[in-house]
K.L.:
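Mind having a look at this structure? Questions to follow.
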Amino acid sequence: MARHFFADKSEDFINAQVNALLSSLDIDGDVRAKGPLAGRFRELEDYWNESQGALRPGPPQSDGWVAEFSQHRIDHGDPNAWAHSFEQQHGANSWASEFEQEQRLVSAADQMGGANISNLAAMEQTRMLAHTLAQNNDPKFQNSKFLQFVSKMSRGELIIDDNQVKPAALSSSGDWATEYQQQYTAGPSWVDEYAGNQLSHGPDQWAKEFAAEREQSGPVDEQWVNEFSKLHVNDWADEFGRQVGEGAFGESSADNWADAYDEYLNEQVVAKQKSDASRGVYVFSDMNPYVGHPNPLKEGQELFRKGLLSEAVLALEAEVLKNPDNAEGWRLLGIAHAENDDDQQAIAAMMRAHEAGPTNLEVLLALGVSHTNELEQAAALKYLYGWLRHHPKYGTLANPELSDSLYYADVARLFNEAAEMSPEDADVHIVLGVLYNLSREYDKAISSFQRALKLKPQDYSLWNKLGATQANSVQSADAILAYQQALDLKPNYVRAWANMGISYANQGMHEDS
C-alpha cells in the first residue's frame, strides 16, 4: 500500500516510511500499539486510533500463536481437520464469494480501460486486508471507520489520486448497468423476436425451406458443375491466343521469357564469382581485349600510372593468363584492385603472387593490409608476422614456433622491438599502424602512420591509411585533410575519393559527399 500511496517517490523514501511505521508497532504489555507517526494522511491516523479502541486486553500476542499451534498438533490426527477448520473460519461457500469478488475486480479493470491499473492493484490489496479484518467479530470494530475505509477501498469507491484519497468517479458498475439497460430495453428483445418467428413460421419451416431450395438447385454434386460452367473457361484461352497472334506481348513473348531466364543465369554466375573471390579464388573478366597483346605487363603498368585502373586490371589479367607464375604481374594486379576498393579480388591476386614468391615482402605487407580492411585478424596477423620473419634485418626477432599459434600481443611486441631497432624504417611504422587498427587502438595507429609519413611524405597510399584511421577514430575533419594530401599526390586515386565522400557524409555535408 505504501507504494500506491507514494507512487511518485523513490524506493528509499517508501522504505523509510514503512520502516518508521513498523518501528511504531512495538507491542507492549497491554497489547496496544503506539500508533502511526504523524504524516501526510490525517484520515488514516483517525481510522487507526479508532481501530485500536476495539482491541481487548488479553494475553500477550506472542503466546497466542503458541497455543494455537499446540492445539493444531493435538487435532492433527484427523485428516479432515484442516477442511473443518477452513469451513469454520471462512464458511463452506467462501471460495464462491471470493470468486465473485475476483469477477468484480475484472469488471472494474474493463471499466478503467487500462487507465488506472495502480488503483486496481490497490483494490486487490485492500480486498485481502478487508477479508482479514472481517474475522474480528467485535461489533465495535466491525462498525469502525477504519474498516469502512478499507471496505470502500476494496470496492473501488475510494481511490488514490495525486497522493490523496478521493472518491472514485461516477463510472461505477451501477452506471454501466443502467446504461446497458437503457440501450437494450428500448426495442424488442432478441428473445421476443425469436419467439415471434417461431410462432409465425413453425418449428418445421426451416426444413421445408431447405428442401425447396435443393429441389430448385438440383443435386449438390451437379450444382458446382453448373456454377463452374458459368465461368466460360474456354473464353480466356481463346482471348489469350488472339492477343498472342496480334503481338500484344511483343514480337516474341517466348524470346522475352528466354532473355529473362538468361539474365537470371548470369546473375547466378556473378554471385558464384563473388563467392569464389571471397574464398581467395581470383575471378577473371569475361571479355578482355588485351589477351594476345605482345607486352600486357608493360601496358598494364602504364595504364596503372595514368590511373585507368579498370583498364590496367584487364591488361594485367592478360599478363598472368600468359605467365601464371609471374609474381610481379599478380602483385600489380592485386594493388590495382586494392586501389579500386576491391579487397576481395586484391587478396585473391596477392595470394597467387605469394604462391609464386613466398618471401616477397611487398606481397606479405599488402596481404596483411587487405585482410585488416576485411576485418580478418587471424589472416592479417599471419601475413604481417611473415613479413617480419622473412625480413633480412628483423628475421632474428621472429621465433618460428610462434607461427603455429599467433596472438596479437606477441606480434605487436615483436614489431615494437623492430621499431626500437630501426626507428628510421618507415615500413615498420606502417605495419605497426596496421596492427593498431586491428586492435582498434586508433590513437596509436595514427601516431605510427604520422611517423611513417615523416619518412615517406610522398606515399599517397600512406596518406590514405592515415585518413581512414582518423575516420575510424571519429575525426572526419582531419581525415578529409589526409585524403586531400593523397589526392594531391595522385588525383585519380579512387579509394581516396571514396573515403573522402564517406567522411563528408559522416559530417552531414551531403552535397560535398
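Along the sequence shown, residues carry numbers from 1. What you see is a predicted model; the values in this text were computed from it and never measured. Note: hydrogens, waters and symmetry copies are ignored here, and every other heavy atom, side chains too, is used.
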K.L.:
Assess whether atom CZ of R413 is packed by more than 12 heavy atoms of other residues, nucleotides or ligands within 6.0 Å.
P.N.:
yes

K.L.:
Between N416 and E420, do the side chains contain a donor N or O and an acceptor N or O under 3.5 Å apart?
P.N.:
no

K.L.:
Give, for atom NZ of K490 and atom CG of D459, the distance between the pair rounded to the nearest 0.5 Å.
P.N.:
11.0 Å

K.L.:
Grab the two heavy atoms, one from G368 and one from V434, that are nearest each other, plus how far apart they are.
P.N.:
O-CG1, 4.2 Å

K.L.:
Could you check whether any side-chain N or O of H337 sits under 3.5 Å from a backbone N or O of L309, counting only pairs where one atom can act as donor and the other as acceptor?
P.N.:
no

K.L.:
Measure the spacing between NE2 of H354 and CG of N360 and express it to the nearest 0.5 Å.
P.N.:
10.0 Å

K.L.:
Under the salt bridge (Lys or Arg N to Asp or Glu O under 4.0 Å) rule, what do K306 and E311 come out as? Steps first, then yes or no, please.
P.N.:
CA-CA 10 Å; K306 293 178 180 179; E311 290 293 309; over 6 Å; no

K.L.:
Which atom names give the shortest non-hydrogen contact between A452 and I430, and what distance separates them?
P.N.:
CB-CG1, 3.8 Å

K.L.:
Would you tell me whether E299 and N295 have side-chain atoms, one donor and one acceptor, within less than 3.5 Å of each other?
P.N.:
no

K.L.:
What I want to check is whether the side chains of S448 and Y436 have a donor and an acceptor closer together than 3.5 Å.
P.N.:
no

K.L.:
With a 4.5 Å heavy-atom cut-off, do E376 and I347 have their side chains touching?
P.N.:
yes

K.L.:
Check whether S473 reaches the backbone of T469 with its side chain - one donor and one acceptor, N or O, closer than 3.5 Å.
P.N.:
no

K.L.:
Considering non-hydrogen atoms only, spot the tightest contact between G467 and A479 and give its length.
P.N.:
O-CB, 3.2 Å

K.L.:
Is the backbone of M509 close enough, under 3.5 Å, to the side chain of S513 for a donor and an acceptor to pair up by distance?
P.N.:
no

K.L.:
Do the rings of Y290 and H293 sit parallel, tilted or perpendicular, given the 30° and 60° boundaries?
P.N.:
tilted

K.L.:
Just verifying a value: how many Å separate H391 NE2 and D427 CG, rounded to the nearest 0.5 Å?
P.N.:
6.5 Å

K.L.:
Can you tell me how far apart CG (L388) and CG (L361) are? Round to the nearest 0.5 Å.
P.N.:
10.0 Å

K.L.:
For residues D425 and H429, determine if any side-chain heavy atom of one lies less than 4.5 Å from a side-chain heavy atom of the other.
P.N.:
no

K.L.:
Counting only heavy atoms not in K382, do more than 12 sit closer than 6.0 Å to its NZ atom?
P.N.:
no

K.L.:
Would you call the rings of F6 and F13 parallel, tilted or perpendicular if under 30° counts as parallel and over 60° as perpendicular?
P.N.:
perpendicular

K.L.:
With heavy-atom distances below 4.5 Å as the criterion, would you say the side chains of E302 and L308 are in contact?
P.N.:
no

K.L.:
Side-chain contact test, heavy atoms from C-beta onward, threshold under 4.5 Å: evaluate it for L414 versus Y385 and give yes or no.
P.N.:
yes

K.L.:
I'd like to know if the side chain of N437 reaches the main chain of G433, judged simply by a donor and an acceptor atom lying under 3.5 Å from each other, with no hydrogens or angles considered.
P.N.:
yes

K.L.:
Under the side-chain contact (heavy atoms from CB on, under 4.5 Å) criterion, do V474 and Y442 qualify, and how do the steps go?
P.N.:
CA-CA 10 Å; V474 198; Y442 297 121; over 6 Å; no

K.L.:
Quick check against the 3.5 Å criterion: does W330 have a side-chain atom that pairs as donor or acceptor with the backbone of L316?
P.N.:
no

K.L.:
Once you round to the nearest 0.5 Å, how far does CG of L489 lie from CD of Q485?
P.N.:
7.0 Å

K.L.:
So, the side chain of W463 versus the backbone of Q458: is there a donor-acceptor pair under 3.5 Å, distance only?
P.N.:
no

K.L.:
With a 4.5 Å limit on heavy-atom distance, are the side chains of Y394 and W387 in contact?
P.N.:
yes

K.L.:
Is it true that a side-chain atom of N19 and a backbone atom of N15 form a donor plus acceptor pair closer than 3.5 Å?
P.N.:
yes

K.L.:
Do Y483 and Q470 meet the criterion of a side-chain donor-acceptor pair at a distance under 3.5 Å?
P.N.:
no

K.L.:
Do you know which two heavy atoms are closest between D341 and A498, and how far apart they sit?
P.N.:
OD2-CB, 4.3 Å

K.L.:
Restricting to non-hydrogen atoms, name the atom on L333 and the atom on V313 that form the minimum distance, rounded to 0.1 Å.
P.N.:
CD1-O, 3.7 Å

K.L.:
I need the N326 CG to L297 CG distance, nearest 0.5 Å.
P.N.:
6.0 Å

K.L.:
If we only count heavy atoms from C-beta on, is the K393 to V428 side-chain gap below 4.5 Å?
P.N.:
no

K.L.:
Could you walk me through whether L435 and L381 pass the side-chain contact (heavy atoms from CB on, under 4.5 Å) test, one step at a time?
P.N.:
CA-CA 8 Å; L435 281 170; L381 289 176; 3.7 Å; yes

K.L.:
Can L332 and F304 be said to form a side-chain contact (heavy atoms from CB on, under 4.5 Å), step by step?
P.N.:
CA-CA 9 Å; L332 289 174; F304 181 85; 5.7 Å; no

K.L.:
Looking only at side chains, do S370 and Y383 share a donor and an acceptor under 3.5 Å apart?
P.N.:
no

K.L.:
Heavy-atom distance under 4.5 Å between the side chains of Q345 and N340, does that happen here?
P.N.:
no

K.L.:
When you look at N499 and Y493, which way does the side-chain contact (heavy atoms from CB on, under 4.5 Å) test go after all the steps?
P.N.:
CA-CA 10 Å; N499 287 339; Y493 188 12; over 6 Å; no

K.L.:
Where do M350 and L367 come nearest, in terms of heavy atoms and distance?
P.N.:
CB-CD2, 3.4 Å

K.L.:
Assess the residue pair E319 and K322 against the criterion (salt bridge (Lys or Arg N to Asp or Glu O under 4.0 Å)); give the C-alpha distance rounded to whole Å, side-chain angles, the decisive distance to 0.1 Å, and a yes or no.
P.N.:
CA-CA 5 Å; E319 169 62 27; K322 182 180 179 181; 5.7 Å; no

K.L.:
Between I335 and E362, is there a side-chain heavy-atom distance shorter than 4.5 Å?
P.N.:
no

